[in-house]
Amino acid sequence: MARADVEIAAARHGAFRDVVVGRAVVQPLQSVLLDATEDGRVEQMLVKDGARVEAGQLLVVLASSQRAQELMARSSEAAQQLANLATFRAGLAQAQAALRREVTQAGFEVERSRRAHERNRTLAATGFVSPAALEESLDRLALAERLLAQLQADGREELRTREQSVDAMQRAVADLDRRLAAMRAASDGLRVRAPVAGRITGLALQVGESVRTGSRLARIDSLGRFKLAMTLDEFHLGRVREGLPGELLHEGRRHALHLNRIDPQVKDGRFAVELMFDAEPPALQAGQGLDVRLSLGQPRPALLLPDGGFYADTGGAWAFVLDADGRHARRRPLQLGRRADGVIEVLGGLQPGERVVVSPYRALAGATTLQLD
C-alpha cells in the first residue's frame with residue numbers, strides 16, 4: 001500500500017483539554033407563535049414579514065360574514081331581552097303603586113269602621129243605639145279588617161311573583177350580556193395583534209386568503225437576545241450536564257457561554273443542546289452558524305493521538321501501529337479514552353512516539369498487517 005494513501009500520526013504527551021468543538025446555530029432567545037383564533041378572510045395586511053413590531057400592534061385584519069351575522073343576531077336578542085326586562089320592571093312598579101293605593105284605601109275603611117263602632121258603643125251604653133245596630137257596626141269593622149289583611153296577603157304574593165319574573169329576566173339578560181361579550185371578544189380575534197415586541201417572521205398571508213382556526217400565521221422573535229443550538233455526538237451524552245462552560249470567538253472577542261438545556265433524544269447518532277450567553281450577546285443574526293467550544297472538564301496531562309477516521313471503523317478498540325522501520329503496520333489492540341478537540345486520550349496499547357495509521361479502515365477490512373511502500 002502506498003504511504004501516500006494513508007494518514008499517519010504519532011502518539012505524543014500533552015495536555016488533554018476536554019473540549020468539544022461544534023457548529024452552533026443562532027436562535028432567538030424567545031419565540032412566540034401566532035395562530036389564528038377565528039376563521040376568516042384576510043382583509044388587511046398592516047405589516048410585512050421581517051418587520052419589527054411592538055406589543056399590541058395591529059398586524060392583520062380578518063373578516064368573517066358569519067361572525068358578523070351571529071354578532072348582529074345576538075345583539076338584537078340582547079336588546080329585545082332588555083326591552084322585556086324594562087316592561088317587567090314597569091309592571092312591577094305599577095303593581096306596587098296600585099297595591100299601596102288599595103292598602104291605603106282599605107286601611108282608611110278599617111279606621112272609619114272602628115270610629116263608627118266606638119261611637120255606637122258609647123251611644124249604646126246610654127240607650128241611644130240598639131244592640132242590633134252595635135252588632136252590625138262590629139261586623140262592618142271585622143269585615144274591613146279581614147279585607148285589609150286579605151288585600152295585603154294577595155298583594156305580597158302578586159309582588160313576589162312579579163319580582164321573581166324580574167329576577168329571572170335579569171339573569172337571562174346577564175347571561176345574554178356575557179355571551180355577547182364573549183362573542184365580541186372572539187370577534188376581536190379577527191384583529192390579530194402582536195402579543196409581544198420583536199421581529200415578525202413567517203408572515204406569508206395574502207389579502208383575500210382564507211384562514212382556519214389554529215392555522216399558523218407567523219412567529220415573533222425577540223430582538224437582540226439570542227441562544228445557540230448545537231448537536232453533539234452521542235459519545236458525549238453521558239458526559240454533558242447543565243451549567244458546563246463554553247466559549248464563542250466572534251469578531252476577535254471571546255464570549256462566555258453555559259450549557260442551559262440538554263435534549264437526550266438521539267437522532268442519527270447525535271443529540272441537541274442549548275447554550276446561553278453569560279452576558280450581553282454580540283450582534284448576531286438568527287440562523288447564523290458559529291463555531292463553539294464546550295468544556296467538559298479541566299485540562300490534564302495525557303498521552304494523545306490525533307483523532308481520525310479509524311476510530312469510527314474500529315470504535316477505538318484497535319489500530320494499525322507502524323514498526324520501527326516504518327515499512328510495516330501491524331494490528332494492535334488499544335485502550336482509548338475520551339475524544340475532544342481533535343485528539344484522543346490513549347489509556348493503553350501505545351508508547352510515546354509510536355506511529356499509528358489514523359485514516360479510515362474501510363478498505364482494510366480483514367487485514368492484520370500493512371506493508372507501506
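Throughout, residue positions are numbered sequentially from 1 according to the sequence presented. Atom set for the values below is all heavy atoms of this structure, side chains included, hydrogens, waters and symmetry mates excluded.
Within the structure, every pair that satisfies the side-chain hydrogen bond (donor to acceptor under 3.5 Å, both in side chains) test and touches residues 308-324, not counting sequence neighbours, is listed here: D323-R330. For residues 116-132, the side-chain hydrogen bond (donor to acceptor under 3.5 Å, both in side chains) pairs, not counting sequence neighbours, are H117-S137, E118-R121, N120-S137.
At least one donor-acceptor pair closer than 3.5 Å links the side chain of D49 to the backbone N or O of L203. Without hydrogens or angle criteria, R270 side chain to T231 main chain gives a donor-acceptor distance under 3.5 Å. Judged by distance alone, with hydrogens and angles left aside, the side-chain atoms of S359 form a donor-acceptor pair with the main-chain N or O of E7 at under 3.5 Å. At distances below 3.5 Å, at least one donor-acceptor pair connects side-chain atoms of R23 with backbone N or O atoms of G289. Side chain of R293 to main chain of V19: no donor-acceptor pair is present (N/O by atom type, distance under 3.5 Å, no hydrogens or angles).
With sequence neighbours left out, D39 forms a side-chain contact (heavy atoms from CB on, under 4.5 Å) with R212, T213. For P195, the side-chain contact (heavy atoms from CB on, under 4.5 Å) test picks out V32, L34, I220, with sequence neighbours left out. With sequence neighbours excluded, the residues satisfying salt bridge (Lys or Arg N to Asp or Glu O under 4.0 Å) with R112 are E109. Residues forming a side-chain contact (heavy atoms from CB on, under 4.5 Å) with E157 (at least two apart in sequence, or on another chain): R160, T161.
Side-chain contact between H250 and L284: present, with at least one pair of heavy atoms (C-beta onward) separated by less than 4.5 Å.
Across R355 and A324, no two heavy atoms sit closer than the pair NH2-O, 4.0 Å. Between R199 and G50 the shortest heavy-atom distance is NH1-O, 2.9 Å.
Ring centroids of Y361 and F320 are separated by less than 6.0 Å, placing the two rings close together.
Taking the six-membered ring where tryptophan is involved, the planes of F277 and H255 are perpendicular, since the angle between them exceeds 60° and thus also 30°.
Between R193 and the choices V53, L46, L58, the side chain to side chain contact (heavy atoms under 4.5 Å, CB included) rule is met once, by L58.
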